Amino acid sequence: MNTVIGAIENCRFCLMCRHVAPVGHITHNESVTPHGIALVAAMQRRGQLTWNTSTLDVLYAEPDGGNCRAHCVTDQPLPAAIAAIRAEVADDGLAPPEVVSAHNRIAENHSAFGSYEPATMHGEWGLFVGDVGFNLARETVQAALKLLEACGLDVVPVGCGLDSGFIPCSLGYPKTAHAQARLCIEEVQRTGIKKLLVLSPQDLFAFLQMHQERLDITWPEDVVIIDLIDFLASQVPNLKLIPPAGITENAAAYVDPTHAVRLPGRFDAARSLCEVALGSAPLELFWRKDRAHPVGSTAIQFTRPDIGVRLTEARLEDAINRGAKSIVCDDPVTLHELRLRDKSNMRIQGLYETMLTRLPPHS
Amino acid sequence: MEWTGLQPEMVRSELTEIVGDAHVSTDEADRLAYATDWFWLPQMWLDRGEAPRKPDYIVRPKSAEEISAILQVANSYRIPVIPWGGGSGSQGGALPVFGGIVLDTKRMNRIVEIDEKSLTVTAEAGINGKQLEWAVNEKGLMLPHYPASANCATLGGYLAPRGTGTISTKYGKAEDLVLRMQVVLPDGHILRTPIVPQHAAGPDFYRLFLGSEGTFGVITEATMQLDYLPECRLLRAVLFEDLTDAIEAGRQIMTRRLEPFVIRLYDPRSTASRVKKILGYELEGAYMVLGFDGDKDIATLQEEKAMDIINGFGARDLGREPGEAWWNQRYDFYYPPQSLKLPWMYGTTETVTTYDKIEKLYFAEKKAVEEGYKEWDIDFIGHFSHWFHWGVMVYTRFIIRNPPDDAKEAVRLHNRVWNTAMTAVLENGGMVNEHHGVGLKLSRFMRRQYGDAWPLLDRIKKSLDPNGIMNPGKVGFGR
């Protein structure tokens, strides 16, 4: 058995990540918890089940948000195992049509959501914009670029409209994912970037972990990959942001973006920026920090869109239940999904856009 | 045999009327996921590629009223109903051994009220234990029931088998923390037990549902006692050369009411294997973790008094770090591949009795199991972890690393080992179980356990559930 797929043998009867498993939590269904999915996969391999509508519904219900592994003492790579099994299913021609269609779009355009525009400029510092940022949330990208400019950096936008390989890998198409990953690296190298800031945690996870673990791709050693939020948190003294006056208690809730649990170092940085931008500490959701649940922005929007929508709605409900009047988040991917699903007229604000309004006029 | 034809569709349509189509499933994958809980036998059965007995329906109600209606349907058609919480029980208590309706309670996960004056929380029974704990933690409170299954078990699952958590030695078992419950009886009647459990207004009938594991009804809501999060937790580890001395030291600490929140005493075999594997300490003897919590001054004094007792037995003080390491990693024992896992055969034959009997019981069971299954190179390990004023629980386990490959042979060997272990337990004044419950696994020992008292329990069951629909095959009750 493929080494990664071996994780299903450890996870099939283990219930220890149930408390943070987002799909299980919103569906209350045993079969779409990490253990349930692993059990179905393990029984398929033992010939007790075949891949059919019922079992494929389970296999494609895993959101690849990293919650199970983030809470696994023995670090079982179940999301990677499920991606590998989906690859077998796709090879056998059994992937659902919606999955095939999403994959084909990426394979043809390098983007699931629009178009890819290769970078033409050169520089030492780059900002990886990504697919959603470029095609669906440009205001966040513009705000991030202006903040970086205020920090005195001349930054080259790269990866504009380019999927980092995360979505095709998670859908079960490692060859396409591999090609996307190579394209990301080639563009960074072609533009001479040595310090790559990454806007979305989804792409950051892909670069820091997924490329190596699932695709056997190593980034060039001379490129330093940096979470944008960490960098901006370190630049707060230089930015000289002007906090809003007279705010002692906030009605804005910070939503840890999808994949945040895979990047725990960013929890404090995000909150420190929120405090500066909002004038006081943000409201905390119940599902926060190391237990943060994803919105439906991962490959689940293609594999099980019904579940993806419910994941996002659950984040909005969490904010409403905490008494929030608005939501703030840094990730263009998460922001886009929240805005798409909100029916409560909640104000959903980009953290970088909000920070921009706090810049001194001369910046 | 699978149930097919018109009648199953009739039932499904009635269930759908009650909870909505989205909350009734007969999907193949769903039925598989609910075909096993954490009991070794069904897991082994699946592991060997054998077909399990699956439920016919999975139903996810949202309220006691919906459960009431479901039970009325089940009575009409004489269909078994198996209440399901987290599916984390190790005794097969949630197995659909006769098919029927698995009643998954996890949609009932609302916190109804946190009373910060009386220090209680009222919540629906399907709430996840850890999520409930997080919610009360936000108020500076804790539900002092910390079982290893907290990540996956539900509140109802804490109560139905009379569970015990890591800090029970000070705070009590789950059953000691419950003030009040809402229960749906097998005929669909919904009742609430009195507002408080300690009174003199008649018999303590609410306790009937604790330990009944869904055979007397479905617990749908409970009010639980909370405590303030402790100001401090003082932990340390000590090493005894001799297990007998260690048990006696524990007894003295408890009978002098020094109130440790934990005394975890590993027998020498466990010290050499599990403590080494998980915590990395290579030690010979009996490893004891001792903890005191609450007000710092009081906890410090309690710890000093306990250490006076321990020093009297010449035990070696290993200091705070190994005690704290155990506390921080106490659930790591349950994550595969660190946990006991297939293809090994294993079982936890935990039991409880009074101090005058516990040591004799432990050694009698150890001898019976080790000598009875020498040809299988059986390993017998244990720890003493839930201490009372009058006695202690011993968490004994057997492990066979090369069990039969054939699933049916494995079942026979597994049950023979259990017969041997439980015979030794019963002959030496032990209970067949202290906190995992009875389930399917221990059902066959219940008549021996209760002797003359069994017919009374049986009559109560028949009176409450004349059609025998509630979790048949469990807790000694047949179908």
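Since the model is a prediction, treat every value here as computed from it, not as a measurement. By convention in this document, chain letters (A, B, ...) are assigned in the order of the sequence lines, proteins followed by strands, and residues within each chain are numbered from 1.
- Neither the backbone nor the side chain of Ile58(B) comes within less than 4.5 Å of any heavy atom of chain A.
- Residue Met16(A) touches chain B through both its backbone and its side chain, counting heavy-atom pairs closer than 4.5 Å.
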Tabulate, with distances rounded to 0.1 Å, every donor-acceptor pair spanning chain A and chain B at under 3.5 Å.
unit_1, atom_1, unit_2, atom_2, d
Glu28(B), N, Ser54(A), OG, 3.4
Glu28(B), OE1, Asn52(A), ND2, 2.7
Ala29(B), N, Ser54(A), OG, 3.1
Asp30(B), OD1, Asn29(A), ND2, 3.3
Asp30(B), OD1, Ser31(A), OG, 2.4
Tyr34(B), OH, Glu30(A), N, 3.0
Trp38(B), NE1, Phe13(A), O, 2.7
Asp47(B), O, Arg46(A), NE, 2.9
Asp47(B), OD1, Arg12(A), NH1, 2.8
Asp47(B), OD1, Arg12(A), NH2, 2.8
Asp47(B), OD1, Arg46(A), NH2, 3.0
Gly49(B), O, Gln48(A), NE2, 2.4
Arg60(B), NE, His28(A), O, 3.3
Arg60(B), NH2, Asn29(A), OD1, 2.9
Trp84(B), NE1, Glu30(A), OE1, 2.9
Gly86(B), O, Arg18(A), NH1, 3.2
Gly86(B), O, Arg18(A), NH2, 3.4
Lys106(B), O, His28(A), ND1, 3.1
Lys106(B), NZ, Glu30(A), OE1, 2.6
Gln131(B), OE1, His25(A), ND1, 3.3
Gln131(B), NE2, His19(A), O, 3.0
Glu138(B), OE1, Arg322(A), NH1, 3.2
Glu138(B), OE1, Arg322(A), NH2, 3.0
Glu138(B), OE2, Arg288(A), NH1, 2.9
Glu138(B), OE2, Arg288(A), NH2, 3.4
Glu138(B), OE2, Arg322(A), NH2, 3.0
Asn151(B), O, His19(A), N, 3.0
Asn151(B), ND2, Met16(A), O, 2.8
Pro336(B), O, Thr74(A), OG1, 2.6
Lys341(B), NZ, Asn10(A), OD1, 3.3

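- For the atom pair Leu39(A) CG and Leu46(B) CG, the distance stands at 6.0 Å (nearest 0.5 Å).
- Proximity to chain B involves both the backbone and the side chain of Val40(A), based on heavy atoms less than 4.5 angstrom apart.
- In this structure, chain A has heavy atoms under 4.5 Å from both the backbone and the side chain of Ala135(B).
- Partners of Lys408(B) by salt bridge (Lys or Arg N to Asp or Glu O under 4.0 Å), not counting sequence neighbours: none found.
- In this structure, Leu15(A) and Cys152(B) approach most closely via the heavy-atom pair O-CB, 3.2 Å.
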